[in-house]
Amino acid sequence: MCGIIGIVGTTEVASALYDGLTVLQHRGQDAAGIATVDGARLRLHKENGLVRDVFNQTAMNRLRGRVGIGHCRYPTAGSEGATEAQPFYVNSPYGIAFAHNGNLVNTETLRREMFEDDRRHINTDSDSEVLLNVLAHELQIQDRMALTPDQIFKAVAGVHARARGGYACLALLLGYGLLGFRDPNGIRPLVLGERVTSEGREYALASESVALDILGFKRLRDVAPGEAVFITNDGQLHTRMCAEGGVHAPCIFEYVYLARPDSMIENVSVYKARLRMGQKLAEKILRERPDHGIEAVIPIPDTARTAASALAEMLGVPFREGFVKNRYIGRTFIMPGQGERVKSVRRKLNAVELEFRKKNVLLVDDSIVRGTTSRQIIQMARDAGARNVYFASAAPPVRYPNVYGIDMPAASELVAAGHTVGEVEKMLGADWLIYQDLQDLIWAVQDGNESLKRFDTSCFSGEYITGLEQHYLEQIEMLRSDDAKAARRSA
């Protein structure tokens, strides 16, 4: 779950890329980078850290050019070090800068092919560098005398034929323009926008429409699964379907947690989808506990607020802000280690005692992954004087790893894996635990766009739309466990 943005403008684009990355910061807080094309030269600056910390005025002044891409990184397995900050760059053919959101599930096969067949060396553990080199090879075998949009699209088709997983990608082709493409299942999002200025027409591609909104671009449409979009340096737009037959299955967790509520993904308002999640959860509560006795509905800031407000309204129960959030602490879910997550919860949230004292409260969160945060928040509510603490998740139980770009931990670290709801309830210390049903979650998103027939629900259902190589889940368990990450950081 990284944030990517690319712009072909009529004037300098570095400041617009910076602004776009700041509103995509929720998608990745580990590292950031911008690459621009200045004539025949690539300008690149990237480091670990938040967008505001990576780019100072000196760095911004050097990022000259009217075409560029930006990336903010969320550290998935094998991509936690400073060398994995994006965009990546290879000098052959032509010079390519590359930014990627997602994860491949056949990385090791491709890495071996790159070395044995294509004679390309991969210098990091990042699957993004593997994907970049696959693209570079596919471009290399085209007619290098005159690279045309047709040949670029043939190269993307070659990438799709070799790569498996979820990916949305942007590439600067020096001397040619900006290329964007999306995996054949459309798992990871990518949206196209345009802006007309006094200087002419400009185009942008981004992970979420909110990045287009803040820059004054009109959202045209989502890039289709398997589609490639190529925008020349002089602003000519070319599109083509480069993969056929894929099952369109966007990641449903985007709507639960990852995306900002003011974004549109697949023509579905994330905000409206979360309202419907709350409504469905309220219906389930009324079915299972019509005499629930809930006296206040309290959201866990910030992602659950929308669902919680709709839930409270449908129950006819007061909606209260019982926790105050420290805005200067990062998103707990994407912090690198369990120890850091545990320490951050108390630093991140503080209870408003009067909203809990002698009340039966329902705490609402977007989802429960490891259970670490939920357990501590439930205890905070008890410490603030709550009589009973009920807990509701706007998503179903997370029982399986996500392999398409969300670094959900090894199955052994998922609190619901191998456990009943009653067992999880006891582990969290809640007086009552209620989860959203998967079909209700699907309906909540699908109701915004009935043409969406399938979703990637793998972390809830264990069904992986791309299929997985043998032993893949065991391999990522070794990479993604907190112990494995701690060992890499100390190495």
Side-chain angles (χ1 to χ4, degrees), residues 252-257 261 268-320 322 359-369 371 373-375 377-378 381 386-400 414-448 450 452 455-463:
I252 206 163
F253 210 72
E254 290 279 353
Y255 300 92
V256 171
Y257 174 82
V268 176
S269 163
V270 175
Y271 177 77
K272 292 286 191 181
R274 289 177 183 168
L275 285 176
R276 291 188 289 268
M277 291 175 205
Q279 292 164 1
K280 280 296 183 182
L281 201 49
E283 290 176 5
K284 184 174 181 180
I285 290 172
L286 291 171
R287 286 196 309 271
E288 295 193 359
R289 287 203 179 185
D291 299 322
H292 49 72
I294 298 167
E295 297 172 273
V297 172
I298 295 174
I300 312 302
D302 283 315
T303 321
R305 185 172 283 117
T306 307
S309 66
L311 185 155
E313 181 180 9
M314 195 158 183
L315 292 183
V317 172
F319 173 84
R320 293 289 186 262
K359 292 182 182 178
N360 298 325
V361 297
L362 175 66
L363 308 183
V364 182
D365 209 348
D366 54 80
S367 58
I368 304 169
V369 181
T373 301
S374 304
R375 189 180 301 114
I377 289 173
I378 289 168
R387 184 185 300 113
N388 287 291
V389 182
Y390 311 134
F391 203 93
S393 167
V398 176
R399 292 194 165 105
Y400 306 92
L414 297 167
V415 69
H419 294 107
T420 66
V421 173
E423 289 170 339
V424 177
E425 181 179 280
K426 290 179 181 178
M427 287 188 284
L428 298 183
D431 294 298
W432 181 44
L433 173 64
I434 185 165
Y435 281 103
Q436 185 86 264
D437 291 334
L438 180 55
Q439 286 306 311
D440 285 345
L441 174 61
I442 291 171
W443 175 87
V445 180
Q446 196 175 48
D447 193 59
E450 293 183 356
L452 294 174
F455 294 92
D456 167 48
T457 61
S458 54
C459 59
F460 308 123
S461 64
E463 298 173 2

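In this text the structure is predicted, and so the values were computed from the model without any measurement.
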Shortest non-hydrogen contact from Phe253 toward Cys459:
CD1-SG, 4.2 Å
State which residue, out of Asn388, Val317, Leu311, Val389, fulfils the side chain to side chain contact (heavy atoms under 4.5 Å, CB included) condition with Leu362.
Leu311
Does a salt bridge link Lys280 with Glu283, judged by any charged N lying under 4.0 Å from a carboxylate O?
yes
Is the backbone N or O of Leu441 less than 3.5 Å from a side-chain atom of Gln436, with the two atoms forming a donor-acceptor pair by type?
no
Distance in Å, Thr303 OG1 paired with Asp366 CG, rounded so as to fall on 0.5 Å steps:
4.5 Å
Ile294 and Asn360, any side-chain heavy atoms less than 4.5 Å apart
no
Of the non-hydrogen atoms in Tyr435 and Ala395, which two are nearest, and what is the gap between them?
CD2-O, 3.4 Å
May I ask you to test the Leu275-Ser309 pair for a side-chain heavy-atom distance under 4.5 Å?
yes
So, for Leu363 and Ala381, which heavy atoms are closest and what is the spacing to 0.1 Å?
CD1-CB, 4.2 Å
Looking at every non-hydrogen atom in both residues, tell me the closest pair between Tyr400 and Gly462 and how far apart they are.
CD1-N, 3.3 Å
Would you find more than 12 non-hydrogen atoms of other residues, nucleotides or ligands less than 6.0 Å from Tyr271 atom OH?
no
Taking every heavy atom of Ile378 against every heavy atom of Ala430, the minimum-distance pair comes out as CD1-CB, 3.8 Å
Distance-only, no hydrogens or angles: does the Glu313 side chain make a donor-acceptor pair with backbone N or O of Ala310 under 3.5 Å?
no
Check: Arg276 and Asp440 side chains under 4.5 Å, non-hydrogen atoms
no
Looking only at atom types and distance, does a side-chain atom of Arg399 sit under 3.5 Å from a main-chain N or O of His419, one as donor and one as acceptor?
yes
Kindly give the heavy-atom pair with the smallest separation between Pro299 and Arg320, and that separation in Å.
CD-O, 3.2 Å
Quick check on Glu425: does its CD atom have over 12 non-hydrogen neighbours (other residues, nucleotides or ligands) under 6.0 Å away?
yes
Output, in order, the C-alpha distance, side-chain angles, deciding distance and verdict of salt bridge (Lys or Arg N to Asp or Glu O under 4.0 Å) for Lys284 and Asp437.
CA-CA 9 Å; Lys284 184 174 181 180; Asp437 291 334; 2.8 Å; yes
In the structure I gave you, are the side-chain heavy atoms of Val364 and Val297 within less than 4.5 Å of one another anywhere?
yes
Has Glu450 got more than 12 heavy atoms of other residues, nucleotides or ligands less than 6.0 Å from its CD?
no
Would you say that Arg387 contacts Glu295 through its side chain, given a criterion of any heavy-atom pair below 4.5 Å between the two side chains?
yes
Do the non-hydrogen side-chain atoms of Trp432 and Ile285 ever get within less than 4.5 Å of each other?
yes
Interatomic spacing from CE in Met277 to NZ in Lys272 - rounded to 0.5 Å:
13.5 Å
Got a second to check how far Phe460's CZ is from Ser367's OG, nearest 0.5 Å?
6.5 Å
Side chains of Tyr390 and Val361: does their closest heavy-atom pair fall under 4.5 Å?
no
Name the residue from Val424, Ile434, Ile368 that meets the side chain to side chain contact (heavy atoms under 4.5 Å, CB included) definition with Phe391.
Ile368
Separation between NZ (Lys426) and CG (Leu433), nearest 0.5 Å, reads 12.5 Å
Check: Glu254 and Phe455 side chains under 4.5 Å, non-hydrogen atoms
no
